[in-house]
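Structure first, then comments.
In the text below, chain A, chain B and the rest are named by the order of the sequence lines, each starting its count at 1. Only this structure's heavy atoms are used, side chains among them; waters, hydrogens and symmetry mates stay out.
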There are 2 protein chains.
Amino acid sequence: MSENVVQRLRDEIENSIISNDFAPGARLDEVQLATRFGVSRTPVREALMQLNAIGLVEIRPRRGAVVIDPGPHRIFEMFEVMAELEGLAGSLAARRFTDADRTTILAAHADCERSSSAGDSDLYYYDNERFHKAIYAASHSGFLAEQCVALHRRLQPYRRLQLRVRNRVATSFAEHGAIVEAILAGDAERARTLLRQHVSIQGERFSDLVATLASR
Amino acid sequence: MSENVVQRLRDEIENSIISNDFAPGARLDEVQLATRFGVSRTPVREALMQLNAIGLVEIRPRRGAVVIDPGPHRIFEMFEVMAELEGLAGSLAARRFTDADRTTILAAHADCERSSSAGDSDLYYYDNERFHKAIYAASHSGFLAEQCVALHRRLQPYRRLQLRVRNRVATSFAEHGAIVEAILAGDAERARTLLRQHVSIQGERFSDLVATLASR
DNA sequence: GTCCAGCATCTTGCATACAAGAATTGACCT
DNA sequence: AGGTCAATTCTTGTATGCAAGATGCTGGAC
């Protein structure tokens with residue numbers, strides 16, 4: 001089960017940060033975490049350094065680790081990059097998808113329809129994630145898929161917030177339909193454009209995000 | 001200079017890997033590295049875990065760390081993503097560059113001309129790096145710039161190999177000229193396309209890379 | 001001669017111990 | 001009474017020690 005202590009700690013702390021249990025700016029005390037998880041400081045330090053490398057935590061020399069608070073502007077920048085990577089994944093998928101990829105994408109899309117029409121934004125979040133991962137996989141670029149998954153994970157909390165905005169789930173699902181169509185038609189450029197627009201948070205979607213961030 | 005031991009170790013080992021002192025597949029023994037750098041195993045372990053997070057080193061549980069060998073295919077994938085990110089940086093730069101950015105880009109471009117006409121591919125490598133970083137900065141997206149710098153660094157050894165191919169330096173510099181023109185003209189889409197083509201290794205450039213990789 | 005098993009050794013993984021740099025608090029001076 | 005400096009305490013950074021798993025070697029059996 002637990003591969004090793006450090007990985008387990010890394011995941012636990014990462015999840016705590018993503019689920020906002022450790023709020024941005026919070027100080028991560030080594031001994032506190034160590035006692036909390038019943039281990040010594042060494043693996044805690046190693047986990048914190050990994051989170052530092054990922055960019056979730058800042059380690060100030062001799063002054064401890066704090067949870068990074070990416071302001072609205074930086075979140076916007078991350079979505080900008082994510083949009084570009086997803087666009088690339090979509091265009092590659094349109095050119096390279098196999099029969100198995102088609103099946104996986106359509107299945108994920110069908111699940112999205114289910115949770116979308118049910119109006120369950122939390123369930124839709126998971127189905128949506130599977131849908132996007134299916135596209136990453138269909139791109140047949142292992143490196144791109146890794147980058148996308150990593151960024152997707154970092155943006156997870158903000159994506160969830162977005163989906164709570166009225167009608168966003170329905171809109172999102174409608175966009176998925178067009179994306180599936182473009183990919184399966186092999187139209188790489190259209191798939192790229194649609195995915196880029198689907199992911200990027202332009203105009204009022206950005207204001208919505210800022211407003212929702214401020215209110216928690 | 002040395003902020004702390006771990007950072008120093010991380011850089012030293014990273015450089016040793018990039019400069020091929022530690023070849024891909026080589027085993028990185030903790031005590032060996034510790035005695036070599038005159039420190040204990042703890043900071044060595046932490047440095048190795050950071051390199052693991054970056055993707056330069058693989059840590060197999062209970063079996064030690066080895067230098068990752070990204071095969072030609074994965075290197076191609078990394079260049080593919082890099083091309084996309086640089087394209088985005090170029091398009092943003094075309095829309096957002098300031099007077100200061102223009103000055104920096106033109107200065108870096110002039111330096112490239114110097115080292116290019118001198119035929120010095122090693123010197124050109126550094127000037128080329130500064131040129132690209134100037135574009136990242138002009139994109140005014142801190143996150144994008146960080147991602148680009150990180151990937152650029154990982155691809156460093158392969159870029160150097162590429163520049164050794166006959167006429168590549170001259171071709172590269174010519175492409176720079178068109179890129180500068182597009183950016184300063186504010187033509188975002190042309191800047192994006194040109195940078196994407198400039199960075200990606202299509203067709204015979206990929207065969208050249210594979211051949212050069214095999215011969216060392 | 002080759003293959004498998006058991007033991008020894010070596011290496012990693014985590015814990016603990018020790019040292020050095022920050023932060024905080026208290027005392028003294030103005 | 002308020003500010004500043006110093007000392008203490010708390011926290012981080014590095015070293016060392018100990019236990020468990022992996023590797024390799026040796027010996028025996030087929």
Side-chain angles (χ1 to χ4, degrees), chain A residues 1-18 20-70 150, chain B residues 1-18 20-70 150:
Chain A
M1 179 116 119
S2 67
E3 293 193 6
N4 60 17
V5 179
V6 174
Q7 288 303 316
R8 186 172 62 85
L9 284 175
R10 196 187 72 86
D11 290 344
E12 294 260 15
I13 300 174
E14 187 174 354
N15 286 330
S16 296
I17 292 174
I18 285 174
N20 217 29
D21 279 352
F22 293 135
R27 192 136 173 294
L28 298 172
D29 188 80
E30 292 179 2
V31 293
Q32 212 168 307
L33 290 168
T35 54
R36 170 168 171 170
F37 291 110
V39 295
S40 90
R41 274 178 51 224
T42 310
V44 172
R45 285 180 56 78
E46 291 177 349
L48 287 178
M49 302 195 78
Q50 288 201 31
L51 294 173
N52 176 60
I54 295 173
L56 273 172
V57 156
E58 182 190 356
I59 296 183
R60 298 163 307 176
R62 291 264 170 208
R63 299 187 55 202
V66 295
V67 179
I68 281 189
D69 177 18
Chain B
M1 177 81 175
S2 68
E3 295 191 4
N4 60 16
V5 178
V6 175
Q7 289 304 317
R8 188 171 61 86
L9 283 175
R10 197 187 71 86
D11 290 343
E12 293 259 15
I13 300 173
E14 186 174 354
N15 286 329
S16 297
I17 292 174
I18 285 174
N20 217 29
D21 278 352
F22 293 134
R27 191 135 173 292
L28 297 172
D29 188 79
E30 291 179 2
V31 293
Q32 213 167 305
L33 290 168
T35 54
R36 170 168 169 169
F37 291 111
V39 296
S40 91
R41 277 177 47 223
T42 310
V44 172
R45 284 179 58 78
E46 291 179 348
L48 287 177
M49 302 196 78
Q50 287 202 30
L51 293 173
N52 176 61
I54 296 174
L56 273 172
V57 156
E58 184 189 356
I59 295 183
R60 299 164 306 176
R62 292 259 170 210
R63 299 186 55 204
V66 294
V67 179
I68 282 189
D69 178 16

Compare the minimum distances between each of dA15(D), dG13(D), dT16(C) and the side chain of R45(A), then state the nucleotide with the smallest one. dG13(D)
To the nearest Å, how far apart are Q7(B) CD and dG13(D) C1'? 13 Å
Please state how far atom CG in L33(A) lies from atom C1' in dC14(C), giving the value in whole angstrom units. 16 Å
Can you confirm whether M49(A) sits close enough to V6(B) that some side-chain heavy atom of one is under 4.5 Å from a side-chain heavy atom of the other? yes
Could you check how far CD1 of I59(B) sits from C1' of dT11(C), rounded to whole Å? 14 Å
Nearest whole Å is fine: how far is dG21(D) C1' from R60(B) CZ? 14 Å
Distance in angstrom units between N52(B) CG and dT12(C) P, rounded: 14 Å
When every non-hydrogen atom of L28(B) is compared with those of L33(B), the smallest separation belongs to CB-CD1, 4.0 Å
Among the nucleotides dT11(C), dG13(C), dG13(D), which one has an atom lying closest to any side-chain atom of R27(B)? dT11(C)
Test side chain to side chain contact (heavy atoms under 4.5 Å, CB included), reference P24(A), set I17(A), D69(A), I68(A), V66(A), output is D69(A)
With heavy-atom distances below 4.5 Å as the criterion, would you say the side chains of F22(A) and L56(A) are in contact? no
Quick one: Q32(B) CD to dC10(C) C1', roughly how many Å, whole number? 13 Å
Using whole Å, report how far CZ of R63(B) lies from P of dG13(C). 11 Å
Counting only side-chain heavy atoms from C-beta out, which of dG13(D), dT16(C), dA23(C) sits nearest to T42(A)? dT16(C)
Look at all strands and tell whether R62(B) reaches a base, only sugar-phosphate, or nothing, counting heavy atoms closer than 4.0 Å. base
Tell me what V31(B) touches on the nucleic acid: a base, only sugar-phosphate, or nothing, going by heavy atoms under 4.0 Å. nothing
Looking at the side chain of E30(B), which of dT14(D), dT12(C), dA22(C) is the nearest nucleotide? dT12(C)
In whole Å, what is the span from the CG atom of L9(A) to the P atom of dC14(C)? 9 Å
Out of dT14(D), dG13(C), dT12(D), which nucleotide sits closest to the side chain of D29(A)? dT12(D)
Within the pair R41(B) and dT12(C), is there a side-chain N or O less than 4.0 Å away from OP1 or OP2? no
Would you find a donor on one side and an acceptor on the other, under 3.5 Å apart, between the side chain of N15(A) and the backbone of D11(A)? yes
